[in-house]
Amino acid sequence: MPKHVKITDIGKNPGQQLTHVNLADLLPLPPPYDKLDEQPKWAKIKPEHKEKLECTLDDTIAVGFPRPKTKEEEQELVDKFLSGLEKLLTRENNWTFLQPLLLTLEHCAKCQTCNDACPIYTASGKNDVYRPTYRSEVWRRIVGKYLKPGGKFFGKFTSGDIELNWTTVSRLMELSYRCTLCRRCAQTCPIGVDNGLITHELRKVFSQEMGIAPREIHEKGSVQQLTVGSSTGMTPLVVKDNIEFIDEDMYDRTGIKYETPWDKKGADILLIHNAGEILAWPENPGAFAIILEAAGMSWTMSSEKVGYDGINYGLWYDDFQLARVALKHAEIAKKLGVKKIVMGECGHAHKAIQVIADRVYQGEYNIPRESAMTLLEDIVFSGKIKFDPAKNDFPVTLHDPCNMVRLMGIVEPQRRILRYLCPQFREMTPHGVENYCCGGGSGFAIMSGHNFQDWRLSVSGRMKLKQVLEAFDDYPGPEQKKYLCAPCSNCKGQLRDLFGYYNVWEKSRIQYGGLVELIVNAMVDVKGEFIEWEFH
Amino acid sequence: MTYLHILTYASVAVFVVAIVVRAVRLATTPVHLRWELYPVAHEKDRVRYGGSYFEELDWWTKKREKSMLGELKVMIPEILLQKGLWENNRSMWLWSLLMHNGLYLVIGFAGLAIIGALAGTATEFGSLIKQVAYIVGLIGYIIGVIGTAGLFVLRIGSYRLRSFSPPVAYFNLLFLLALFATGTYLFAVGNEPVDAIAGFAHELITFSPNAVPAGIGGLHLTIAMLFVLYLPFTHMTHFFTKYFTYHAVRWNDEPNLPGSKLEKAIQRQLGYPVSWAAPHLKADGKKNWADIALDTGEDK
């Protein structure tokens with residue numbers, strides 16, 4: 001059992017670590033992953049990093065903010081943080097989330113009902129610091145004491161004690177990156193309070209006021225996407241080259257010839273993938289193209305900067321970065337004159353463009369947006385393509401990406417496809433809107449600096465791994481090949497890392513992949529197997 | 001006019017004004033970005049599994065079917081049976097159920113006492129109301145004591161709750177416990193509790209203040225009125241803000257369709273000046289939200 005940590009501890013003992021993650025405390029995994037001495041060992045934070053970077057929360061680093069050199073610098077940062085919190089509570093600066101934020105600020109009953117819903121808290125062996133209420137209580141107490149009228153006198157009584165200093169702020173900064181924003185906690189709150197929202201809003205304070213965010217999601221993420229065209233670093237020329245290669249490769253693998261259409265004005269559909277698919281799982285955009293061509297759809301991809309990458313990392317940390325990318329997507333669609341934008345298999349990109357940015361789009365920018373799940377369901381059941389479900393006769397389970405399912409309500413289309421095309425489809429427990437996050441949500445899947453990967457694979461991804469293994473507990477060993485369908489690029493990134501970390505392919509022969517790969521695998525016109533049964 | 005009469009008028013007035021102000025404040029906050037959580041209760045058939053209209057091909061061309069009954073189907077069991085706690089926090093459920101329902105019954109008791117006072121106890125109707133009020137009040141106060149005491153013990157006894165509880169969390173429970181306990185005692189001493197409350201209510205309604213009810217009745221009413229005065233300034237206002245947390249946030253899936261009122265409201269908000277200080281935003285307190293969102297920095 002991890003040592004208890006009080007809320008007031010967050011501002012105490014500067015320079016010392018607030019809590020530790022011990023492998024022995026973590027949620028046990030099913031056999032053969034249950035042996036403690038066989039669990040992957042964590043890389044230690046290098047002494048030079050420990051010295052230079054803020055890392056006194058737990059045993060890892062997500063943000064990696066340089067330690068201030070003087071007390072004055074520290075105080076300046078604390079003041080900035082407080083001014084950011086203040087702006088968070090104003091109409092002008094935060095109209096985007098003010099109402100939900102005020103409701104969450106003022107109505108938590110401290111009943112801790114949300115705690116057990118959190119896969120991170122549960123998987124950590126119930127470490128207090130990872131409770132969904134820890135960071136939100138710290139935030140409420142700071143607001144109560146430092147921002148509310150009379151807080152200096154009554155804050156301790158009404159909100160609880162807290163000391164706002166650089167130690168508090170720096171730990172809170174790291175702590176805002178120990179939650180995947182899956183919002184499972186919010187789902188259980190009887191009052192409707194959303195402690196997940198606090199994570200989101202805290203990240204905004206750090207980014208929008210203090211200019212602090214993990215390099216992977218800001219500088220290498222949304223900034224690179226807006227300037228180069230994609231967070232992968234692919235320029236328009238490179239992406240067209242890569243897709244051309246994929247088109248050829250698909251022909252070799254399936255015998256189906258097609259050419260991905262680029263910048264086709266007036267096409268019905270602008271298809272936007274998470275560009276990571278093009279580099280890491282080229283069979284996914286390839287399978288999409290095969291399906292759309294076979295169904296005779298009018299579609300195109302865009303080779304304009306940002307238009308070929310559906311990711312929108314601003315969703316996790318910065319409203320303006322979110323809006324900037326979302327508006328670029330809409331502008332490109334408008335120029336092409338497409339009827340709708342269809343987002344490929346990427347959960348956060350789905351939610352960013354369809355839900356969160358929905359109210360940012362105005363006038364002609366408000367182009368209809370749709371999920372690939374819906375379009376694929378329509379195609380699969382339209383009779384335009386012939387399928388042989390026997391080609392998919394192996395155990396299949398489905399991971400529900402939080403953004404697409406719990407946060408958008410796209411639950412059944414992908415299931416109807418799987419029930420039809422995969423004779424051995426089985427659900428995980430729990431599933432649908434009650435699913436567990438893959439552990440890579442809110443940017444974690446692309447964050448591996450220092451030893452953060454150890455944390456996200458040991459702690460935040462632990463519950464998902466357990467769930468996947470249990471879904472296949474009738475075939476636990478490597479004798480039977482099994483398929484985990486994860487229609488989300490970020491989730492796949494996390495699952496790839498999880499499976500590699502725990503040797504899941506060798507021990508259990510579970511392959512992970514998207515939905516379109518299973519659809520193409522079942523196509524009668526596709527020769528042989530489309531799914532490659534080797535770990536990648 | 002006694003202190004209790006003044007306190008009651010003042011408490012009710014403050015309560016009403018504070019609740020209205022709070023509700024108006026919440027209702028007039030800007031339209032926020034969507035932040036719904038599924039299942040969304042007004043989805044008609046798809047609510048069974050948490051589905052949304054996004055599951056339909058070309059959803060924007062279809063008529064959206066909403067069922068307000070669906071929202072009630074979720075809210076009523078939540079309010080009356082504490083369904084969320086039953087499902088997710090069983091150790092707290094019974095105590096919370098008793099405390100909340102105790103409160104509902106005590107409010108019902110007060111309402112019935114007022115009706116009884118207006119009807120007059122000499123009439124058959126008045127007499128019936130008095131009998132019903134007695135039963136409602138007695139049950140309400142007793143289960144209120146049990147529930148609140150249970151919650152207090154649970155909060156003190158459980159590390160998980162105690163460690164994250166500010167002093168006010170205990171104060172609120174003790175306040176409620178005092179309210180329920182004095183009410184229970186009022187019934188226990190047998191001094192016609194309904195008459196005491198009804199009589200006091202009659203004096204208030206007819207603006208003919210008399211004396212403070214003797215003994216425990218006066219104390220109980222004083223505590224009750226202080227509680228009414230205090231409640232609008234606490235998290236206990238969730239009794240009405242739940243409408244916002246659920247209806248306006250968790251279930252708010254209203255799409256921003258071209259030409260809609262929603263679109264116009266957002267258009268105004270996009271004109272709000274922004275003063276965030278991070279360099280990548282280049283906000284100066286004059287540039288508005290839209291200016292900053294449209295500045296991608298790619299040409300510089």
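The sequence lines fix the lettering, A, B, ..., with proteins before strands; numbering per chain opens at 1. Atoms considered below: every heavy atom in the structure, side chains included; atoms not considered: hydrogens, waters and symmetry mates.
By the 6.0 Å and 45° rule, R416(A) does not stack over the aromatic ring of F381(A). In this structure, R250(B) forms a cation-pi arrangement with Y246(B), its terminal cationic atom sitting closer than 6.0 Å to the ring centre and no more than 45° off the ring axis. Both cation-pi conditions hold for R183(A) and W35(B): the charged atom is under 6.0 angstrom from the six-membered ring centre and inside a 45 degree cone around its axis.
Ionic pairing of K80(A) and E76(A) is not present here: no N-O contact between side-chain nitrogen and carboxylate oxygen is shorter than 4.0 angstrom. Taking a cutoff of 4.0 Å between a charged side-chain nitrogen and a carboxylate oxygen, R415(A) and E427(A) qualify as a salt bridge. Salt-bridge annotation for D318(A) and R203(A): absent, with no side-chain N of the basic residue lying under 4.0 Å from a carboxylate O of the acidic one. Here K6(A) does not pair with E137(A) in a salt bridge; the nearest charged N to carboxylate O distance is not below 4.0 Å. Using a cut-off of 4.0 Å between Lys/Arg side-chain N and Asp/Glu carboxylate O, K340(A) and D58(B) are scored as salt-bridged. The pair R34(B)-D253(B) fails the salt-bridge criterion, with no side-chain N (NZ, NE, NH1 or NH2) lying under 4.0 Å from an Asp/Glu carboxylate O. A salt bridge between R131(A) and D128(A) is present, with a side-chain N of the basic residue lying under 4.0 Å from a carboxylate O of the acidic one.
Scanning residues 62-78 of chain B against chain A with a 4.5 Å heavy-atom cutoff picks out E78(B), ordered by number.
With chain A as the partner, the residue from Y49(B), F54(B), Y53(B), F164(B) showing the most heavy-atom pairs under 4.5 Å is F164(B). Among I266(B), V274(B), L57(B), the residue making the largest number of heavy-atom pairs under 4.5 Å with chain A is L57(B). Of the listed residues (V193(A), T104(A), D161(A), D319(A)), the one with the most heavy-atom contacts under 4.5 Å to chain B is D319(A). Put simply, of G84(B), A293(B), A283(B), the one with the most heavy-atom pairs under 4.5 Å next to chain A is A293(B). Contact count against chain B (heavy-atom pairs under 4.5 Å) is highest for R369(A) among E377(A), R369(A), E434(A). Looking only at heavy-atom pairs under 4.5 Å with chain B, the residue among L375(A), N115(A), N94(A), V360(A) that has the most is N115(A). Highest contact tally toward chain B, considering only A323(A), C189(A), G363(A), is held by C189(A) [criterion: heavy-atom pairs under 4.5 Å]. Per-residue heavy-atom pair counts under 4.5 Å with chain A were compared for H235(B), E56(B), R160(B), E87(B), and the maximum is reached by R160(B). Contact count versus chain A (heavy atoms, under 4.5 Å) is highest, among Q269(B), M236(B), Q267(B), E55(B), for E55(B). By number of non-hydrogen pairs under 4.5 angstrom with chain B, the leading residue of H350(A), Q187(A), M210(A), K126(A) is Q187(A). Between chain A and the options S275(B), G50(B), P279(B), the largest number of non-hydrogen pairs under 4.5 Å is found for S275(B). In terms of heavy-atom pairs under 4.5 Å with chain B, the best-connected choice from V325(A), L98(A), I212(A), T133(A) is T133(A).
For L407(A), the parts lying near chain B are the backbone and the side chain together; criterion is any non-hydrogen pair under 4.5 Å. Heavy atoms of S207(A) lying under 4.5 Å from chain B belong to its backbone as well as its side chain. Neither the backbone nor the side chain of N288(B) comes within less than 4.5 Å of any heavy atom of chain A. For R22(B), the part lying under 4.5 angstrom from a heavy atom of chain A is the side chain only. Heavy atoms closer than 4.5 Å to chain B are found in the backbone of V5(A), but not in its side chain. Heavy atoms closer than 4.5 Å to chain B are found in the side chain of L327(A), but not in its backbone. Contact annotation for L101(A): neither backbone nor side-chain heavy atoms come within less than 4.5 Å of a heavy atom of chain B.
The side chain to side chain contact (heavy atoms under 4.5 Å, CB included) with S371(A) is formed by just one residue from the set Q354(A), M408(A), K351(A), M343(A); it is Q354(A).
By the 30° and 60° cut-offs, the orientation of the rings of F244(B) relative to F240(B) is perpendicular.
Residues H247(B) and H42(B) keep their aromatic ring centres 6.0 Å or farther apart.
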Applying ring pair (Phe, Tyr, Trp, His ring centres under 6.0 Å) to F175(B) and F180(B), what does each step give before you reach the verdict?
CA-CA 9 Å; F175(B) 205 160; F180(B) 287 127; over 10 Å; no
